[in-house]
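For clarity, every value in this text was computed on a predicted model and none was experimentally measured. Positions are given from 1, in the same order as the sequence printed here. Atoms considered below: every heavy atom in the structure, side chains included; atoms not considered: hydrogens, waters and symmetry mates.
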Amino acid sequence: MRLILIGGGHANAQVIREFNANIIPSNWEKILIDPQKSAVYSGMIPGAVAGIYQEQELLIHLDRLCTWAGWQFIQQKVIKICANEKKIILQDLTELNYDLLSIDIGSQTLHSDILNNNHNNHNHNHNNIATRPIRELLSQIENFERKLIELENLNNTNNTNNNTNNNTNNNTNNLKIVIVGAGAAGTELAFALRIRFSRFTNYQIQIQIVSSVNDRLGSCKNLKLNRTIREQFQIHSIDLIIGRVKTVLDSSIILENDNTIPYNLLIWATGAGAHELLANNSNNDLITTNDGFMIVSQTLQSVSHFEVFGTGDCIAFHGLAINFPPKAGVYAVRAGPILISNLKTIIMNWQTNIDLKRIKLEKYEPQQDFLSLIICGYQEAIGIKWGVVISGNWVWKLKDWIDRNWMKGFQF
């Protein structure tokens with residue numbers, strides 16, 4: 001028997017930790033497949049962008065986790081899911097059959113085709129960054145920062161050479177950072193980047209955030225939260241621009257009203273779009289939504305193939321409201337225990353005479369509201385739940401405790 005997990009997302013990582021060598025029958029082969037040896041805990045990304053956390057603090061080392069739990073780890077990309085044949089195909093064309101499959105592969109940035117079109121028509125612009133896949137975000141920001149440091153060092157050298165005994169060069173350069181999307185991710189990144197780049201004293205840093213709506217800052221239509229975020233924008237000199245992007249050029253974006261906004265760094269934070277593995281019907285024979293999300297029931301099983309499970313940003317629920325639950329890491333975390341329970345129930349009844357399709361499994365009931373915590377300054381945060389808005393250093397400490405406590409469960 002073989003259980004395969006595609007992707008080391010928040011829910012699948014919990015499965016590996018719980019299904020160690022002694023939990024399920026030894027005749028089950030357990031395999032994780034992921035292109036990377038480590039996964040990023042999304043909750044700590046804004047803090048890492050701000051420079052509060054080091055990259056190692058937010059990595060779940062999938063290879064080490066698998067070794068500890070007695071799983072096989074395959075560092076490969078899955079290019080096709082042949083669910084009707086119960087097999088997957090890897091990038092090197094290896095075919096693997098499975099009995100149970102769990103998919104937790106995240107998403108890509110929504111409307112990133114606008115960026116891609118720009119890249120296809122020009123040389124690839126490394127100053128254009130999409131927030132998803134999420135693990136690439138931090139490294140791309142670090143690459144931009146390294147180029148900035150090199151340029152600053154060069155400018156300092158030139159200024160030193162040009163200085164006379166009686167004159168001091170106090171010239172500053174303008175650095176324009178534009179973030180498209182004012183949801184939770186875009187809002188946090190605006191604050192985080194203000195913190196990160198504040199040490200570049202030779203630059204006059206302008207941060208602008210472009211939103212298509214003016215009443216859903218931080219992904220929440222709450223007047224008090226929107227007012228609080230706007231106040232923090234003013235405190236941290238972050239400009240909010242209402243408009244939709246029509247065109248992305250190498251150093252500017254053009255809005256639908258034809259206004260042009262120049263940039264040195266552009267970050268695309270427009271929400272979650274379907275992962276390429278599921279978005280392209282030629283890559284799989286699972287039932288998906290029109291926009292490419294795998295449709296699952298509340299037991300987290302594919303509506304077309306009961307032996308295939310899915311969690312996280314790559315799925316959509318049958319029978320629930322459209323776009324609910326939202327694509328947020330907290331829902332993948334909360335789905336983990338349900339996924340574990342249902343996989344275990346099926347595995348433990350596998351060799352019985354029970355019809356596996358009739359086994360009663362646990363249903364995942366996504367919470368209607370959750371504690372949303374948004375970094376808004378150095379060790380400062382805003383939070384909201386049930387319409388109540390909180391803010392301050394103590395809110396940051398709460399967020400920091402929650403995130404570090406989660407990561408402690410994956411230190412192997």
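The salt bridge (charged side-chain N to carboxylate O under 4.0 Å, His left out) pairs that include a residue from residues 174-196 are E145-R196, where partners are two or more places apart or lie in different chains. Within the structure, the salt bridge (charged side-chain N to carboxylate O under 4.0 Å, His left out) test picks out the following pairs touching residues 53-73 (sequence neighbours left out): E57-R404. Within the structure, ring-ring contact (aromatic ring centres under 6.0 Å, His included) pairs that include any residue of residues 295-321 comprise F317-Y364 (at least two apart or interchain). For residues 39-53, the set of pairs meeting the salt bridge (charged side-chain N to carboxylate O under 4.0 Å, His left out) definition, not counting sequence neighbours, is empty. Applying the salt bridge (charged side-chain N to carboxylate O under 4.0 Å, His left out) rule to pairs touching residues 375-390 yields nothing, sequence neighbours excluded.
By the 30° and 60° cut-offs, the orientation of the rings of F200 relative to Y203 is perpendicular. Ring geometry, F233 versus F191: the interplanar angle falls from 30° to 60°, so the pair is classed tilted.
The salt bridge (Lys or Arg N to Asp or Glu O under 4.0 Å) check on K77 picks up E276, with sequence neighbours excluded. Residues satisfying the salt bridge (Lys or Arg N to Asp or Glu O under 4.0 Å) criterion with E85, sequence neighbours excluded, are K87. Not a single salt bridge (Lys or Arg N to Asp or Glu O under 4.0 Å) links D34 to another residue, sequence neighbours left out. With sequence neighbours left out, the salt bridge (Lys or Arg N to Asp or Glu O under 4.0 Å) criterion links E29 to R2. Applying the side chain to side chain donor-acceptor pair (under 3.5 Å) test to S102 and every residue at least two apart in sequence or in another chain returns N12. Evaluation of the side chain to side chain donor-acceptor pair (under 3.5 Å) rule for Q301 yields T299 as partners, not counting sequence neighbours.
Considering all non-hydrogen atoms of both residues, G292 and A274 come closest at O-CB, 3.2 Å. Smallest separation of non-hydrogen atoms from S139 and R146: O-NH2, 4.5 Å. Nearest heavy atom pair, residue A335 against residue T311, reads CB-CG2, 4.1 Å. When every heavy atom of I16 is checked against every heavy atom of A69, the shortest pair comes out as O-CB, 3.3 Å.
Q76 and D92 form a side-chain donor-acceptor contact under 3.5 Å, judged by distance and modelled atom types alone. Residues N127 and Y263 have side chains that never bring a donor and an acceptor to within less than 3.5 angstrom of each other.
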Acceptor/donor pairs from residues 4-11 side chains to any protein atom, 3.5 angstrom cut, sequence neighbours excluded:
from: H10; atom 1: NE2; to: S42; atom 2: OG; distance (Å): 3.2

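Between P25 and M348 there is a side-chain heavy-atom pair separated by less than 4.5 Å.
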